[in-house]
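First up is the structure itself, then whatever we jot down about it.
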Amino acid sequence: MSKRMDGDLVLEIPTDIKSITAAVDYVMSRCVSCEVQARRLNLNFRVGLTEALTNAMMYGNGADPSKNVVIELVMGEGQLQATVRDQGVGFDPTSVPDPTLPENISRPCGRGLFLMRELLDEVWYNDQGNEVTLVLRLESGGAFEGSASA
Amino acid sequence: MSFQVSKVNDVTLIEVEGQLIVGNRQELKQGVLDKLENGDLKFVIDFANTGYIDSSGLGVLVSLSKKIREQGGELRLSSLNEDLRTLFELTKLDTLFRIADQKDQALEGF
């Protein structure tokens, strides 16, 4: 890893798709004190983080167990921010087609990035395309909001 | 994730327990494909005991639906919780599948 991270939580885990749920559960356990609507945390943030980790391991690191994924969690300033970085060469996120278009609806892949963008208030990649940052604002934001409350 | 397979008349009912995610999606896919190869054509997958399906799990359902349709059959889904409904609606997959509130409704008139 070339870049140092300074979040409230920094987690470096080897590529293993069977470890994704445990990693997400651990990160979520650190977010319980956040004053965010429960469903936005448990649906929006959890799904976004799960998809980011899946993409990092499956496509970024090519499922190579010798490569790691780093998760940085920053809480505060009215938002929850997670950054996920893999050791791959990166990709162009604008090249991923909209999976909801009629011509793409029957394709088995391509929904992870779409869900991240739908469920989080902000999603951006670094220039290389191997690091994604997800932002969930603690107050009601523009992303999908459920009806359940905390 | 585990799943139970049973037969209700000529419909194959698959009841999933636990999350359908990237780490286990192939197990469900292979289980359904085995039944399809055996000649089963009508499938209901029930998610009454499933809290979460990730995009890989959604992709497996799309892939299975396509393969079953190619054989002249149909895959129906049932018992999605509120969060799963939301994911299907956001991805517009609710337009691809017939989704029933409960498995009995999915089995009805199949």
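None of the values given here were measured: they were computed from a predicted structure. Letters A, B, ... mirror the listed sequences (proteins, then strands); counts begin at 1. These numbers come from the heavy atoms of this one structure, side chains and all, not from hydrogens, waters or symmetry mates.
Contacts of residues 47-55 of chain B with chain A at a heavy-atom distance below 4.5 Å involve B:Tyr52, B:Asp54, B:Ser55, listed in sequence order.
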Worksheet entry | Steps toward side-chain hydrogen bond (donor to acceptor under 3.5 Å, both in side chains) verdict (B:Ser63, A:Arg107) | CA-CA 7 Å; B:Ser63 173; A:Arg107 292 181 58 171; over 6 Å; no

_B:Ile21 vs A:Thr21, test: side chain to side chain contact (heavy atoms under 4.5 Å, CB included). Steps then yes/no._
CA-CA 9 Å; B:Ile21 54 178; A:Thr21 299; 3.1 Å; yes

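Neither the backbone nor the side chain of A:Ser19 has a heavy atom closer than 4.5 Å to any heavy atom of chain B. Residue B:Arg25 touches chain A through its side chain alone, counting heavy-atom pairs closer than 4.5 Å. Proximity to chain B is absent for every atom of A:Met57, based on heavy atoms less than 4.5 angstrom apart.
Both A:Val123 and A:Val84 sit in one connected hydrophobic cluster of ILVMFWY residues. Membership requires side-chain heavy atoms under 4.5 Å apart, directly or through other members. Residue B:Val5 is grouped with residue B:Leu77 when hydrophobic side chains (ILVMFWY) are merged at heavy-atom distances under 4.5 angstrom, including chains of intermediate members. Hydrophobic clustering, with ILVMFWY side chains joined whenever heavy atoms are under 4.5 angstrom apart, groups A:Leu41 together with B:Leu84. Under a hydrophobic clustering in which Ile, Leu, Val, Met, Phe, Trp and Tyr are joined whenever their side-chain heavy atoms come within less than 4.5 Å, directly or via other members, A:Val96 and A:Leu53 fall into the same cluster. Residue B:Ile99 is grouped with residue B:Leu75 when hydrophobic side chains (ILVMFWY) are merged at heavy-atom distances under 4.5 angstrom, including chains of intermediate members.
Most heavy-atom pairs under 4.5 Å with chain A: of the set B:Val62, B:Leu64, B:Leu58, this distinction falls to B:Val62. Highest contact tally toward chain B, considering only A:Ile17, A:Asn42, A:Asp98, is held by A:Ile17 [criterion: heavy-atom pairs under 4.5 Å]. Contact count versus chain A (heavy atoms, under 4.5 Å) is highest, among B:Leu61, B:Thr91, B:Thr95, for B:Thr91.
The shortest heavy-atom contact between B:Leu96 and A:Ser106 is CD1-OG, 4.0 Å.
A 4.5 Å side-chain heavy-atom check between B:Asp83 and A:Val47 finds every atom pair outside the cut-off.
Taken to the nearest 0.5 Å, the CG atom of B:Leu87 stands 6.0 Å off from the CG atom of A:Leu115. Between A:Lys18 atom NZ and B:Asn24 atom CG the span is 6.5 Å, to the nearest 0.5 Å. A distance of 8.5 Å separates OG1 of B:Thr86 from CG of A:Leu119, quoted to the nearest 0.5 Å. Separating the OG atom in B:Ser56 from the CZ atom in A:Arg111 is a distance of 10.5 Å, to the nearest 0.5 Å. Atom CG of B:Leu93 is separated from atom CD1 of A:Ile105 by 5.0 Å, given to the nearest 0.5 angstrom.
Heavy atoms from other residues, nucleotides or ligands lying under 6.0 Å from NZ of B:Lys67 number 12 at most. Residue B:Gln4 qualifies as open at atom CD: its count of foreign heavy atoms under 6.0 Å is 12 or below. The local environment of NZ in B:Lys7 is crowded, with over 12 non-hydrogen atoms from other residues, nucleotides or ligands closer than 6.0 Å. Within a 6.0 Å sphere centred on CG of A:Asp92, other residues, nucleotides and ligands contribute more than 12 heavy atoms. Heavy-atom contacts from other residues, nucleotides or ligands closer than 6.0 Å to CG of B:Asn9 number 12 or fewer.
A donor-acceptor contact shorter than 3.5 Å is absent between the side chain of B:Lys92 and the backbone of A:Thr100.
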